[in-house]
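Below is a structure I'd like to ask you about.
Quantities reported herein were computed from a predicted structural model and do not represent experimental measurements. To find a chain, count down the sequence lines: A is the first, B the second, and so on, and within it residues start at 1.
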Amino acid sequence: MKPPGAVRQPLPRIFFDVDPRRVSRALLGKVLMRREGKTLLAGRIVEVEAYLGADDAAAHSAAGPTARNAVLFGPPGHAYVYFIYGNHFCLNVSCLPDGVAGGILFRALEPLQGLEEMAQRRGISIKGSRDLRSLTSGPGRLAEAFGITRERDNGKDLTAASSDLWLADDGFRVRRVQVTPRIGINKAVELPLRYIIAGNDFVSGRGNRQ
DNA sequence: ATATCGATTATCT
DNA sequence: GATAATCGATATG
């Protein structure tokens, strides 16, 4: 694991300029970072879902470009943030070249740094491992813990050195990737496009123990 | 332990 | 007017 300073370097745009399925695998084990003044938030990516541009009825881009999903059709490496169920924000990163839709939904993180700040924003106190899990296990939860909103972050270039929200490689290597159908959708239910770090306790849902 | 349900609003039909 | 890439609370075994 590199020292904290080394993860200031964001993953480059070319990292995201390929098929979402490939980017999904590559993103597992990487770190989502947020800078807020002198506070640094960090969480290891343990669960993501790929949303394809074409041939994927579950993707927000399925019916063509709109004001809401415009980022998915734009250049790779940008944040697509949407508001859902009148309650929650969810974070995605755009993939594939400009003009081609595709994205990845961040579904769960393992909190690494800034846990107190995350707990404060989540409105919980962290005593046991159960509380730790509820910090960032789930797309709405991790967005809240990282203070992600549509107004603040939608369209943000996550590969820019000046960005307060970015993705980094701290040297962690994933042992085994597990692929399953996606969660919480009603269309294209069977497609195996959910990627998790096998055995990781911070994967959302009923756990991932072996 | 699992199951069901209400919250609450931007977006699209 | 219906729906949604969710969450947390409540009910029940």
Rounded distance (Å) that lies between atom C1' of C/dA4 and atom CD1 of A/Ile183: 16 Å
Sidechain-backbone polar pair: A/Arg122 side chain, A/Leu135 backbone, donor-acceptor under 3.5 Å: yes
cation_pi(A/Arg182, A/Tyr51) dist<6.0 Å, angle<=45: yes
Basic-acidic side-chain contact under 4.0 Å: A/Arg152, A/Glu36: yes
Residues from residues 78-93 of chain A lying under 4.0 Å of DNA chain B - heavy atoms: A/Phe83, A/Tyr85, A/Gly86, A/Asn87
Salt bridge A/Arg44-A/Asp170, side-chain N to carboxylate O under 4.0 Å: yes
Phosphate-side-chain proximity, A/Arg194 and C/dA5, N/O vs OP1/OP2 below 4.0 Å: no
Separation of atom CG in A/Asp131 from atom C1' in C/dG8, rounded to whole Å: 14 Å
Below 4.0 Å: OP1/OP2 of B/dC12 and any side-chain N or O of A/Thr66: yes
d(CD1, A/Ile185; C1', C/dA4) in whole Å: 12 Å
Interatomic distance, A/Arg122 CZ vs C/dT6 P [rounded to whole Å]: 14 Å
Touch class at under 4.0 angstrom, heavy-atom based, for A/Ser134 against every strand present: nothing
Atom pair distance, as rounded to whole Å: CD1 in A/Ile124 and P in C/dA9: 11 Å
Test salt bridge (charged side-chain N to carboxylate O under 4.0 Å, His left out) applied to A/Glu49 - qualifying residues, sequence neighbours left out: A/Arg107
Rounded interatomic separation in angstrom, taking CZ from A/Arg150 and P from B/dA10: 10 Å
A/Ile148-A/Tyr80 co-clustered via ILVMFWY side chain contacts under 4.5 Å: no
Spacing between A/Arg130 atom CZ and B/dA1 atom C1', to the nearest angstrom: 11 Å
Salt-bridge criterion met for A/Asp201 and A/Arg133 (N-O under 4.0 Å): no
Aromatic ring pairing A/Phe83/A/Phe89, orientation class (parallel under 30°, perpendicular over 60°, tilted between): tilted
Touch class at under 4.0 angstrom, heavy-atom based, for A/Arg68 against every strand present: sugar-phosphate
Salt-bridge criterion met for A/Lys187 and A/Asp56 (N-O under 4.0 Å): no
Nucleotide pairing, DNA chain C (Watson-Crick or G-U, distances under 3.5 Å), in dot-bracket with [ ] and |: ||||.|||||||.
Whole-Å distance separating the CD atom of A/Glu49 from the P atom of C/dT6: 7 Å
